[in-house]
Amino acid sequence: MKSARPLPHDLRPAPRKGALFRPDWDLRGLPCQSSAQITQAWESGFNVQISLEGYPSQYCMAFLVVLQLEKEMSLYMLYRLRQTKHTLVCVPANIPADEKSLRKILDEGLKFLERSGFDMEEMTAENIDSTLTNYLQKI
């Protein structure tokens with residue numbers, strides 16, 4: 001049964017004040033050509049039921065991914081929402097200026113996900129390629 005109310009990725013609401021990460025409504029996945037651009041990644045060991053950014057409460061997987069885009073590193077938090085079959089991509093509210101600030105926001109992102117109930121595990125290179133290739137937007 002389809003809801004009569006539009007989903008958040010259709011409405012594109014403004015980010016919440018004070019949020020560590022904010023949705024990037026223009027992204028449907030990781031903005032890279034190849035999984036070789038992924039330098040580090042973490043995934044949730046199991047699905048967690050959660051309500052995100054106005055979506056109905058549902059089970060989802062979470063990923064935290066560091067990409068090498070040209071000469072800079074970028075951080076992305078992905079949620080694969082099972083019920084709505086949507087991938088919610090979030091980026092840091094404040095773009096890290098250097099490796100130290102990237103590490104800090106990465107640590108904060110992992111803490112946030114763990115407090116939300118996700119059991120985050122670092123992914124191996126083989127696991128990154130087999131799992132995250134489905135999430136590449138290839139822009």
Side-chain angles (χ1 to χ4, degrees):
M1 176 161 87
K2 187 151 177 142
S3 172
R5 206 171 89 202
L7 292 172
H9 60 272
D10 294 322
L11 296 173
R12 302 170 69 97
R16 293 185 179 145
K17 277 191 168 191
L20 185 62
F21 283 80
R22 63 169 180 76
D24 186 326
W25 300 114
D26 294 324
L27 293 177
R28 297 177 319 277
L30 295 168
C32 62
Q33 296 295 317
S34 153
S35 63
Q37 293 175 277
I38 301 171
T39 62
Q40 288 183 288
W42 291 261
E43 70 177 328
S44 56
F46 51 87
N47 288 307
V48 170
Q49 187 168 1
I50 193 168
S51 180
L52 295 165
E53 301 297 330
Y55 286 93
S57 180
Q58 60 193 290
Y59 284 98
C60 66
M61 292 281 298
F63 300 94
L64 195 60
V65 180
V66 178
L67 293 181
Q68 176 77 47
L69 299 173
E70 297 179 17
K71 294 185 183 208
E72 59 186 51
M73 305 286 249
S74 298
L75 182 62
Y76 297 87
M77 188 180 287
L78 279 77
Y79 296 97
R80 180 64 188 147
L81 306 170
R82 289 181 57 190
Q83 181 182 337
T84 55
K85 298 180 181 8
H86 181 73
T87 300
L88 176 64
V89 180
C90 297
V91 296
N94 298 311
I95 305 300
D98 55 27
E99 198 165 325
K100 183 179 177 182
S101 58
L102 176 70
R103 173 49 65 188
K104 183 178 180 193
I105 195 80
L106 175 62
D107 291 342
E108 290 295 321
L110 285 169
K111 284 180 198 171
F112 170 78
L113 289 168
E114 289 171 356
R115 283 191 309 264
S116 298
F118 293 100
D119 182 22
M120 301 304 290
E121 300 171 2
E122 190 162 7
M123 299 173 76
T124 64
E126 299 81 32
N127 200 7
I128 286 172
D129 189 49
S130 64
T131 303
L132 293 178
T133 298
N134 295 331
Y135 296 96
L136 303 183
Q137 191 170 329
K138 298 186 179 184
I139 55 174

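For clarity, every value in this text was computed on a predicted model and none was experimentally measured.
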Within a strict 4.5 Å, meaning less than it, do heavy atoms of the [X] and [Y] side chains meet?
| X | Y | answer |
| --- | --- | --- |
| I50 | S116 | yes |
| L52 | C90 | no |
| S35 | L132 | no |
| T131 | M123 | yes |
| L106 | Q40 | yes |
| L75 | V91 | no |
| L27 | Y76 | yes |
| W25 | P8 | yes |

>> Grouping I, L, V, M, F, W and Y whenever their side-chain heavy atoms are under 4.5 Å apart, do Y59 and M77 come out in a common cluster?
In response: no

>> Between V66 and I95, is there shared hydrophobic-cluster membership here, with clusters defined by ILVMFWY side-chain heavy atoms closer than 4.5 Å?
In response: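 No: no chain of side-chain contacts under 4.5 Å links V66 to I95.
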
>> My understanding is that only residues two or more places apart in sequence, or in another chain, count here; which of them pass ring-ring contact (aromatic ring centres under 6.0 Å, His included) with Y135?
In response: F63

> Does any donor atom in the side chain of T124 or N127 lie under 3.5 Å from an acceptor atom in the other side chain?
Replying inline: no

Value rounded to 0.5 Å, distance of [atom1] in [X] from [atom2] in [Y]:
| X | Y | atom1 | atom2 | result |
| --- | --- | --- | --- | --- |
| I105 | N94 | CD1 | CG | 7.0 Å |
| Q33 | L67 | CD | CG | 11.5 Å |
| Q37 | M73 | CD | CE | 11.5 Å |
| M120 | S44 | CE | OG | 5.5 Å |

So which atom in [X] and which in [Y] form the shortest heavy-atom distance, rounded to 0.1 Å?
| X | Y | result |
| --- | --- | --- |
| G117 | V48 | O-CG2, 3.3 Å |
| F112 | Y79 | CE2-OH, 3.4 Å |
| P31 | L69 | O-CD2, 3.5 Å |

> Counting distance only, does the side-chain N/O of S101 pair as donor-acceptor with the main-chain N or O of D98 below 3.5 Å?
Replying inline: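 Yes; judged by distance alone, with no hydrogens or angles, the pair exists.
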
> Does the pair D107/R103 count as a salt bridge with the N-to-O cut at 4.0 Å?
Replying inline: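 Judged by the 4.0 Å cut-off on N to carboxylate O distance, D107 and R103 do form a salt bridge.
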
> Between E108 and K111, is there a side-chain N and carboxylate O pair less than 4.0 Å apart?
Replying inline: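 Looking at K111 together with E108, the answer is yes, because their closest N to O distance falls below 4.0 Å.
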
> Are F21 and L113 close enough, and set up right, to give a side chain to side chain contact (heavy atoms under 4.5 Å, CB included), and what steps lead you there?
Replying inline: CA-CA 11 Å; F21 283 80; L113 289 168; over 6 Å; no

>> Using the rule side-chain hydrogen bond (donor to acceptor under 3.5 Å, both in side chains), only one of Q137, H9, R12 pairs with D26; which is it?
In response: R12

>> Please check if the number of heavy atoms outside N134 that lie under 6.0 Å from its CG is greater than 12.
In response: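 Counting neighbours around CG of N134, more than 12 heavy atoms of other residues, nucleotides or ligands fall under 6.0 Å, so yes.
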
Throw together a table of side-chain donor-acceptor distances under 3.5 angstrom for residues 82-89, partners on residues two or more places apart or in other chains.
from, atom 1, to, atom 2, distance (Å)
T84, OG1, Q58, OE1, 3.4
H86, NE2, Y55, OH, 3.2
T87, OG1, R80, NH1, 3.2

